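Data block below; observations after.
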Number of protein chains: 2
Amino acid sequence: MTNEDVLATRLSNFTKLSDEECQALRMLARDRVRRVGARVDLVREGERPRSVFLILSGWAYRYKTMEDGRRQIVSFLLPGDLCDLNNFVLAEMDHTISALTALHFVELPHERVAQICEEFPRIARALWWHMLSAISTQRQWTVSLSRSAHERIGHLFCELFLRLQTVGLTRGNMCDLPPTQTELAEATGLTPVHVNRTLQEMRAEGLIVLKDRILEIPDLARLQHAVLFTPNYLHLGQAEAGTSVEKDVAPAVEI
Amino acid sequence: MTNEDVLATRLSNFTKLSDEECQALRMLARDRVRRVGARVDLVREGERPRSVFLILSGWAYRYKTMEDGRRQIVSFLLPGDLCDLNNFVLAEMDHTISALTALHFVELPHERVAQICEEFPRIARALWWHMLSAISTQRQWTVSLSRSAHERIGHLFCELFLRLQTVGLTRGNMCDLPPTQTELAEATGLTPVHVNRTLQEMRAEGLIVLKDRILEIPDLARLQHAVLFTPNYLHLGQAEAGTSVEKDVAPAVEI
DNA sequence: CGTGCAATTGATCCATTTCAAGGGCCGTGG
DNA sequence: CCACGGCCCTTGAAATGGATCAATTGCACG
């Protein structure tokens with residue numbers, strides 16, 4: 001099901017948007033809707049994408065391949081996510097974006113985005129937030145370098161659940177979780193076997209229920225606590241909070 | 001030693017800049033130079049920085065602390081690097097930036113940057129590249145999730161060496177490497193003990209010479225090969241390459 | 001009714017962690 | 001001038017989390 005409201009919904013998590021702005025975003029999502037099946041590449045390493053992708057439905061992911069064949073998924077792209085907003089300069093991709101499930105998306109020329117930003121400054125701001133949150137998320141993933149298997153997986157689940165929630169894709173404490181255990185392994189830097197065993201332990205502890213690609217988190221707070229998850233990096237609902245926070249810092253010497 | 005040319009040098013790796021543009025960048029680096037000693041925080045988690053930092057000399061790093069005290073360094077900031085260029089929206093920091101060594105830097109109000117970008121579109125472009133390369137680097141770090149200790153450390157060394165090279169801070173095949181083994185451990189997600197042993201092995205293999213905070217890479221190509229390093233993610237010297245790369249991709253169905 | 005992929009299980013191996021302690025260097029203070 | 005504490009690097013031995021190898025089950029699909 002294609003939802004042309006996803007982007008507006010997603011961006012509303014950063015700033016309140018007017019009806020007019022939402023309408024403009026809705027128009028974007030009608031541009032040139034495309035559909036691809038699972039496992040299809042959207043952009044490949046070495047290419048210079050000439051546009052921004054907006055995901056309307058389905059999951060995608062970015063991954064890097066090493067010479068010896070190992071693959072590392074470096075991020076998941078969910079409905080409402082924009083890819084390579086930053087790539088105005090048409091840089092060469094250093095990784096591949098690929099569909100995890102069947103996918104609906106729109107390919108937006110950069111000018112189209114620029115034009116909307118000019119007309120609606122608040123959308124421009126929201127897009128900055130969007131980008132910021134993507135970068136923060138990337139940083140969080142690197143923190144997993146010092147996390148245990150439990151923490152890596154649990155953390156990922158918390159993140160995905162919350163991100164899906166912001167676009168209305170959770171039902172109570174449940175959500176879809178399309179990636180296979182092998183893909184979870186590629187995302188966390190673990191072995192499929194070990195992911196499997198870790199999942200079983202987490203199930204045994206009652207932290208998660210995961211079956212048939214459906215994830216249920218009986219007690220989100222407990223899971224978050226168990227895996228040391230703090231959601232601040234998603235930067236949800238901070239935009240309103242004003243800008244006047246003053247603390248003493250860096251007793252620097254003026255030169 | 002403060003080098004007011006670092007930024008121009010750094011950005012020249014992305015696009016050729018005119019003398020006038022370089023001059024403008026040089027003026028930036030004179031704005032309000034500040035100096036702090038090692039281990040001082042520049043911005044702390046929870047704050048809303050109102051400006052961009054430009055590092056003139058010395059090293060800094062971003063890190064996250066977990067509730068149980070573990071620390072993870074998520075990136076190093078070198079001379080010529082700009083921090084939080086993206087943070088126009090004044091988001092709350094979800095991590096801390098701290099000086100690794102004594103540091104010279106400039107704090108630039110966002111308007112100052114915006115103004116320069118308006119006057120010199122090519123600088124704006126270069127700043128996009130700068131940002132892009134920072135994000136790519138962050139992605140590369142998450143690839144370390146599936147790297148061995150040797151690869152993590154070797155990869156980090158290759159990256160730092162090349163980044164330093166772009167701002168003229170290498171001497172032949174040598175460069176400064178101020179982080180302690182404990183800090184290298186925090187950056188790679190390993191134990192200090194294991195970092196120590198891994199370094200010894202890499203020394204024994206002749207891949208590196210590391211003593212007194214000076215790193216020497218006798219054969220960069222060999223090291224790169226040994227740790228599966230590919231420098232494309234730094235996006236150096238791609239800007240000139242034109243934008244017309246066409247390949248067939250994503251045999252998508254128009255709807 | 002096979003074929004193939006996802007999930008699962010068992011047994012073994014190894015990389016990395018943990019714990020514990022010693023040595024070198026440097027700045028500080030007696 | 002020497003003793004001291006602190007930080008950084010180093011070493012050893014033991015414990016363990018996660019990897020590896022190999023095989024089995026279950027299920028969807030042509």
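This one's a predicted model, so the numbers in the text were calculated from it and none came from an experiment. The figures that follow rest on heavy atoms only: side chains count, while hydrogens, waters and symmetry mates do not.
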- Task: Mind listing the closest non-hydrogen atom pair of B:I217 and B:F157 along with its distance?
- Result: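 Taking every non-hydrogen atom into account, CD1-O, 4.3 Å.
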
- Query: Can you name the nearest heavy-atom pair linking A:C175 to A:F161, along with the distance?
  - Reply: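 Here A:C175 and A:F161 meet closest at SG-CD1, 3.7 Å.
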
- Item | Nearest-nucleotide comparison on DNA chain D, the residue closer to the 5′ end among B:R39 and B:V193 |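 It is B:R39, whose closest nucleotide lies nearer the 5' terminus.
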
- Query: Contact class for A:T191 (heavy atom, under 4.0 Å): base, sugar-phosphate, or nothing?
  - Reply: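 The answer is base, as A:T191 lies within the cut-off (heavy atoms under 4.0 Å) of a base atom.
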
- Query: With a non-hydrogen cut-off below 4.0 angstrom, is B:R213 in contact with a base, only sugar-phosphate, or nothing?
  - Reply: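 It contacts sugar-phosphate atoms only.
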
Could you give the [atom1]-to-[atom2] distance, from [X] to [N], as a whole number of Å?
| X | N | atom1 | atom2 | value |
| --- | --- | --- | --- | --- |
| A:E151 | C:dT17 | CD | P | 14 Å |
| A:N196 | C:dT8 | CG | C1' | 5 Å |
| B:R147 | C:dT16 | CZ | P | 14 Å |
| A:K211 | C:dA6 | NZ | C1' | 12 Å |
| A:E183 | C:dA7 | CD | C1' | 13 Å |
| A:L190 | C:dT8 | CG | P | 16 Å |

Salt-bridge test for [X] and [Y]: reply yes if a basic N is under 4.0 Å from a carboxylate O, no otherwise.
| X | Y | result |
| --- | --- | --- |
| A:E201 | A:R197 | no |
| B:E45 | B:R62 | no |
| A:R30 | A:E4 | yes |
| A:E151 | B:R70 | yes |
| B:D176 | B:R213 | no |

- Say whether A:H235 and B:E92, considering side chains only, have a donor N or O and an acceptor N or O under 3.5 Å apart.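 There is no such pair (donor and acceptor under 3.5 Å, judged by atom type) between the side chains of A:H235 and B:E92.
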
- Indicate whether any N or O donor in one side chain lies under 3.5 Å from an N or O acceptor in the other, for B:S144 and B:R147.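 Their side chains do contain a donor-acceptor pair, which is all the 3.5 Å distance test asks for.
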
- Query: Is A:R71 positioned over the aromatic face of A:Y63, cation under 6.0 angstrom from the ring centre and no more than 45 degrees off axis?
  - Reply: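 Yes, a cation-pi geometry.
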
- Item | Nearest-0.5 Å distance that lies between atom CZ in B:R39 and atom CG in B:L103 |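 Nearest 0.5 Å value for the CZ-CG distance: 11.5 Å.
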
- Note on the structure: Its dot-bracket string being built from Watson-Crick and G-U pairs below 3.5 Å, with | for another strand and [ ] for crossing, DNA chain C has the pattern |||||||||||||||||||||..|||||||

- Query: For DNA chain C, what residues of residues 197-206 of chain A have any heavy atom nearer than 4.0 Å?
  - Reply: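 Here the set is A:R197, A:Q200, A:R203.
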
- Task: Walk along DNA chain D from 5' to 3' and tell me the first and last nucleotide with an atom closer than 4.0 Å to a non-hydrogen atom of chain B.
- Result: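 Nucleotide range in contact with chain B: D:dC8 to D:dA13.
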
